[in-house]
2 protein chains.
Amino acid sequence: MKRWTLEDIGKLAGVSRSTVSRVINDQPHTSPAVRQRVEQVIRETGYQPNSAARSLASSQSRILGLVMPSILQSAFTDPYYALIIQAISHACNQHDYTPSLFLFQSADEEAKMSQRLASSGLIDGLIVTADTIDSQFVQMIQPYAIPFVQIGRPLRESATCISYVDVDNEAGAYLAASHLIQQGYQRIGQLATLHNTAGHDRDAGFRRALLDRGLPIDEKLIALSSFSEASGYRAMQQLLTQKPEAVFAQSDAIALGAIRAIRDQDLRVPEDIAVVGFDDMPLAASASPPLTTVRQPIARAGKLAVETLLDIIQTSPQPARHIVLPVELVIRASSGAVS
Amino acid sequence: MKRWTLEDIGKLAGVSRSTVSRVINDQPHTSPAVRQRVEQVIRETGYQPNSAARSLASSQSRILGLVMPSILQSAFTDPYYALIIQAISHACNQHDYTPSLFLFQSADEEAKMSQRLASSGLIDGLIVTADTIDSQFVQMIQPYAIPFVQIGRPLRESATCISYVDVDNEAGAYLAASHLIQQGYQRIGQLATLHNTAGHDRDAGFRRALLDRGLPIDEKLIALSSFSEASGYRAMQQLLTQKPEAVFAQSDAIALGAIRAIRDQDLRVPEDIAVVGFDDMPLAASASPPLTTVRQPIARAGKLAVETLLDIIQTSPQPARHIVLPVELVIRASSGAVS
DNA sequence: CCAAGACTTGGGAGCGCTCCCAAGCTCATT
DNA sequence: AATGAGCTTGGGAGCGCTCCCAAGTCTTGG
């Protein structure tokens, strides 16, 4: 299969390479007849412009990088990441950008790669999933001019100058806890994680709902987990000693682990203990019983992250963009509600 | 942050750009003293070579593409894909290649992109997860010179000229079914998928084990599923009407769905029905009960796919490489074994 | 009719690097 | 002493494209 160049196509169509370039880049100032002739030759030859030459001449690669810092490594099988990656990939396809992936195994690797990602011209911009409390990656790339968007809220101290796309975690947890309270439950536990800002915000929303409804906050009803099914199982086993009537789990994976722990004690969901999750993963609706959960618009977040990044690349970095997407409560059987 | 060029670094170090190029590319014929001087200037300036210029001049991008055809779209949250992607990404990092991702939404998109992927110089090679029966993507790129490796066995007709990395699915299913037979079970069901070659091979191994041990194959004990937990649940519900004593599920996700269906009927695993899966996903060991399963070396497969592709890129496409990785049976509680 | 502006086209130059060959120096062998 | 081989260094050229400006043609308004 022959590699054609602009010059080749120009000769075949009887025009210059400049004209061919104008045609493939949809620029004005080419007559319709000439345009048609060039497009015909392109179709017949299967010509594809050389990516490296385009990048070098135009100073942009049309490649976006998706970065996952090393501390997310063990959580990577959580469906949340598959859904985010899928949404980002599809959005890139829509906009004629290529997504590339940077999954790091160590902080050293991150330090080594950050400079190269920011300076080599390999990528036009970055999407960073870095709402974890102790990730340094964003700090490392900030001195450079490379455009980036964070998925998840940054810490408050740096939030003003960092563009991010987040979901309203606090409101979601508030909805979940309020729903359980409205169902009449008083001893409401939480399976919480404090590794990232999402975890903190969900914890805050849970606490606010209890306070707003005049319920006391019993710290013994809050067990720490990480965002995995197995970790949720262990945390729920611990929480069962406190005899909660209901439990809010900060993610669906945690919720499924909690359900498994409850059933392993021959208790029933929701008859003995009601459960609410957060995410509305594909698995939630088909769980036993179907899971009441807070739906976060993951696909939408991924899409918006790409679009926000392209906006930054194409217009200007300032002002920083802060997008917080609404969540909604999806009531199914696990909370004992009659829906 | 200034963008430095080879010329800049050469001037600062008092050498030509050719010498700087030789230093950053680890080429011989540069004196140690000069090398050191250049490296010092590089450290002080933070110089990063421009990727597009390198690609254009050297005719290689050092970017590998990972392709997932559109029919895998709905299965993408299966942890198998996260693990494969993670392994591929890490192997790319080790070899100083950048992974890029092509998740397609339609066959049209695939057709449109195949030519560009194969011809634009954007990527040096492709890894294709395309063992599904009706994927056309591999056929579309074959006329081009682009190096590629398939993950999963191709159909027999095209197997000789396509390089692939697979696991021994047939042997794995044989082990699983044999284990159940050795436990004394006679009415052994299967939750099967026939969408891809892995599914076919696992079905073949299951059948061969039964035949080898003189057990009849009862087609009513084989229910069709796809590779998801929910689909496994539904298929198991169907299979329960046939009263199996044990069941081999072609993946861990299917097995977890089967376990849930069994428990929803107030039956116990393994006391009432034994279950064996395939994959050894992170979830398998921590399931209730811990899942007996066939471990496939996903991380190893992903790594080998990258290394095989680099070998093809760096040496030659022929002969095609066929790598089949061994699997192993991991005995836990779900099959009723005393381990 | 003339001048100015808009449209169309082509060619020079540059983007930042790698590849390749020429030139110079040093060392070893005859 | 002369010659050849090996090492080191530098500069020309090219990779394939985009950007920019010059030149030519056509249209419109005064």
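Here is the naming used below: chain letters follow the sequence lines, and residue numbers restart at 1 for every chain. A quick note: this is a predicted structure, and the numbers were derived from the prediction, not measured.
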Strictly by salt bridge (charged side-chain N to carboxylate O under 4.0 Å, His left out), give each pair with a member in [range] just once, sequence neighbours left out.
{"range": "residues 94-109 of chain B", "value": "R116(A)-D96(B)"}
{"range": "residues 5-19 of chain A", "value": "E7(A)-K11(A), E7(A)-R17(A)"}
{"range": "residues 29-46 of chain B", "value": "D26(B)-R35(B)"}

Under the side chain to side chain contact (heavy atoms under 4.5 Å, CB included) test, which residues partner [X], sequence neighbours left out?
{"X": "A53(B)", "result": "L56(A), N50(B)"}
{"X": "A87(A)", "result": "A299(A)"}
{"X": "T19(B)", "result": "V15(B), S16(B), R22(B), T30(B), V34(B)"}
{"X": "R321(B)", "result": "S163(B), T308(B), D311(B), I312(B), T315(B)"}

Given V165(B), I88(B), V67(B), the one that forms side chain to side chain contact (heavy atoms under 4.5 Å, CB included) with I127(B): I88(B)
Within residues 16-32 of chain B: residues closer than 4.0 Å to DNA chain D (heavy atoms): S16(B), R17(B), S18(B), T19(B), R22(B), H29(B), T30(B), S31(B)
S114(B): side-chain hydrogen bond (donor to acceptor under 3.5 Å, both in side chains) partners, not counting sequence neighbours: none
The helix from dC1(C)-dG30(D) to dT30(C)-dA1(D): angle between end helix axes, five pairs per end, rounded to 10 degrees: 40°
Nucleotide range of DNA chain C lying under 4.0 Å from chain B heavy atoms: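 Listing 5' to 3', DNA chain C meets chain B from dG16(C) to dC19(C).
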Along DNA chain D (nearest heavy atom to each residue), the more 5'-positioned of S59(B) and V34(B): V34(B)
Pairs where residues 89-127 of chain A contributes a residue and the test ring-ring contact (aromatic ring centres under 6.0 Å, His included) is met, not counting sequence neighbours: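 Only F104(A)-F137(A) qualify under ring-ring contact (aromatic ring centres under 6.0 Å, His included).
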